[in-house]
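Have a look at the structure below, then the notes.
Bear in mind that the values here come from a model prediction, so they are computed numbers and not experimental data.
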Amino acid sequence: MPGRVFPTGALFVAPDRPSGMHGMAALQLLWNQALVPLALSMDRAVTHAVDTFAPHAMLVDQQAIGAGLRAGQHGIPWLTLASSPGELATRGDMHAPVRRWTAQVIRRLADKLDIGSIPADPLFSPQGTLMTSCAVLMGDVPEGLCVHATGSLLAHRIAGGTGVRETAGDHHVLVSMGTVSEQASIRFLEATWLAAQEGSTSTHWTIVDPSGSLGKRHARNVTLARSVDQLALLREVDAVLCHGGHNTVTESLVHGRPLVIAPIRDDQPLIAQRVEAAGAGTRLRFAHAQPAHVAAAVQRVLNDASFRRSATSIGSHLLDGEARVKRLLRPWLASPHASLPSA
């Protein structure tokens, strides 16, 4: 049967949470204003797709919670596709209150969708999970979960290849604090602009400013842009300053680029900690970083080649994700009621 697309209509986006909002408050706002409305808004399309297409297996994004619930309701084997290790970290004993709260939210969501029985852990399929990450960023997988690190799924988006840029002379730094926390990042982007002025003039900074908060400023060693082709730019830069979003981090590491990470919330502090522990970057305090701190951290990763070597090493484990997914999916699709093999 040929593939089909079932439009879901307008989708909800993550709310722009205040910079001081962290922990459970930030998590609850994300679920209540984005993930649950998303599940409700796309349920008609999911149900229509299941009824029309009659799949014998499903691959469900971890944040498309309602789709996993529908798969379980119809007895359809399904795998979870997770784009970040954040939920994996909450399966430890220290995060029991988080799990209890999310379980209650999912139960209420299931009631709204008129779904009776739900899986033991709707965010991790009993058949298994594909996580577009690597062991360094994921950490230990809790007992009872079948989670495979696939690496990044970037091959179809990278035209010019990857690899460490051999620099001679000028350095180039990409600054990208994501698009979900635009308002929270205004102060940090201002500190970064000043850091570029105070640091070495031989370092060029490309600062991504989605909201235009920095206005129309000009400096010989700074490029301001509302948006960029990040994958193309990663082939040209020497280091990346970012918020620790998993996609930006893995894309940087695939290209062998060391990182300075100023995590804001959610899984970002955990990712920053693991990048730093692996020697592929260093960490800044997002809420307190001053221009001098930003400039020093950037110069550190630019001038110490060990950061670049570690980034390249981790990036090698993120390559060829598509091939890993194929090796896992082909045998499973032949017998989808079975679980994926142990990771």
Side-chain angles (χ1 to χ4, degrees), residues 81-86 88-89 130-141 147-167 171-179 205-206 208 228-264 266-284 286 297-325 343:
L81 177 64
S83 61
S84 166
L88 192 61
L130 306 177
M131 188 166 289
T132 58
S133 190
C134 64
V136 168
L137 299 178
M138 287 168 52
D140 295 332
V141 176
V147 182
H148 285 262
T150 67
S152 293
L153 306 180
L154 291 176
H156 64 295
R157 296 171 55 204
I158 298 177
T162 63
V164 176
R165 176 176 178 255
E166 297 298 331
T167 59
H171 288 128
H172 188 177
V173 178
L174 169 64
V175 181
S176 175
M177 300 303 291
T179 57
W205 302 63
T206 294
V208 184
V228 296
D229 183 341
Q230 183 161 294
L231 287 177
L233 197 54
L234 282 170
R235 296 197 294 270
E236 306 299 328
V237 302
D238 301 285
V240 176
L241 168 58
C242 71
H243 59 313
H246 188 257
N247 287 341
T248 298
V249 167
T250 53
E251 289 172 4
S252 300
L253 293 172
V254 162
H255 288 81
R257 306 306 184 237
L259 292 141
V260 175
I261 303 179
I264 304 173
D266 301 329
D267 59 349
Q268 297 160 13
L270 176 68
I271 291 171
Q273 173 189 338
R274 289 176 175 167
V275 168
E276 187 171 54
T282 189
R283 178 177 177 173
L284 287 171
F286 172 79
V298 167
Q299 289 305 315
R300 184 182 176 205
V301 300
L302 287 174
N303 295 328
D304 186 342
S306 67
F307 289 107
R308 189 162 60 247
R309 289 194 295 269
S310 296
T312 302
S313 176
I314 298 172
S316 68
H317 296 286
L318 291 164
L319 293 170
D320 302 322
E322 286 84 357
R324 293 191 187 95
V325 169

Worksheet item: So V301 and L259, side chain to side chain contact (heavy atoms under 4.5 Å, CB included) or not? Walk me through it.
Response: CA-CA 7 Å; V301 300; L259 292 141; over 6 Å; no
Practice prompt. Could you walk me through whether M177 and V208 pass the side chain to side chain contact (heavy atoms under 4.5 Å, CB included) test, one step at a time?
Written response: CA-CA 7 Å; M177 300 303 291; V208 184; over 6 Å; no
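For A297, the side-chain contact (heavy atoms from CB on, under 4.5 Å) partners are V260, T282, L284, not counting sequence neighbours. Partners of R283 under the side-chain contact (heavy atoms from CB on, under 4.5 Å) rule, at least two apart in sequence or in another chain, are P263, P269, A272, Q273, E276. When the side chain to side chain donor-acceptor pair (under 3.5 Å) test is applied to S313, no partner is found at least two apart in sequence or on another chain. In this view, T206 and H172, L174, H204, T223, V228, L233 satisfy the side-chain contact (heavy atoms from CB on, under 4.5 Å) rule, not counting sequence neighbours. Judged as a side chain to side chain donor-acceptor pair (under 3.5 Å), and not counting sequence neighbours, T150 has no contacts. Judged as a side-chain contact (heavy atoms from CB on, under 4.5 Å), and not counting sequence neighbours, A277 has no contacts.
More than 12 heavy atoms of other residues, nucleotides or ligands shown are found within 6.0 angstrom of CZ on R324. Heavy atoms of other residues, nucleotides or ligands lying less than 6.0 angstrom from CG of D140 number 12 at most.
The line from CZ of R257 to CG of D238 is 7.0 Å long, rounded to the nearest 0.5 Å. M138 contributes atom CE, which lies 12.0 Å from atom CD1 of I271 (distance to the nearest 0.5 angstrom). We find the CG-CG distance between L88 and L137 to be 11.5 Å, quoted to the nearest 0.5 Å. Taking CG from N247 and CG from L153, the interatomic distance works out to 10.0 Å, rounded to the nearest 0.5 Å. Rounding to the nearest 0.5 Å places SG of C242 at 5.0 Å from CD1 of I261. In this structure, CZ in R274 is found 4.0 Å from CG in L270, a value given to the nearest 0.5 Å.
What you find for S83 and H246 is that their closest heavy atoms are O-ND1, 2.8 Å. In this structure, P258 and F307 approach most closely via the heavy-atom pair CB-CB, 3.7 Å. Between L318 and S133 the shortest heavy-atom distance is CD2-C, 3.7 Å. Of all heavy-atom pairs spanning M131 and P85, the tightest one is SD-CA, 3.7 Å. Nearest heavy atom pair, residue H255 against residue L231, reads NE2-O, 3.8 Å. Pairing each heavy atom of C134 with each of A149, the nearest pair is CA-CB, 4.0 Å.
The shortest side-chain heavy-atom distance between L302 and R308 does not fall under the 4.5 Å cut-off. Side-chain atoms of V173 and V237, non-hydrogen and from C-beta on, never get closer than 4.5 Å to each other. A 4.5 Å side-chain heavy-atom check between H148 and V325 finds every atom pair outside the cut-off.
For E322 (side chain) and L154 (main-chain N/O), a donor-acceptor pair under 3.5 Å exists by modelled atom type. Looking only at distances, a side-chain donor or acceptor of D304 sits under 3.5 Å from a matching main-chain atom of S306. Side-chain atoms of D229 come within 3.5 Å of backbone N or O of A232 as a donor-acceptor pair.
Considering V275, L253, T250, V249 in turn, L253 is the only one that fulfils the side chain to side chain contact (heavy atoms under 4.5 Å, CB included) rule with I314.
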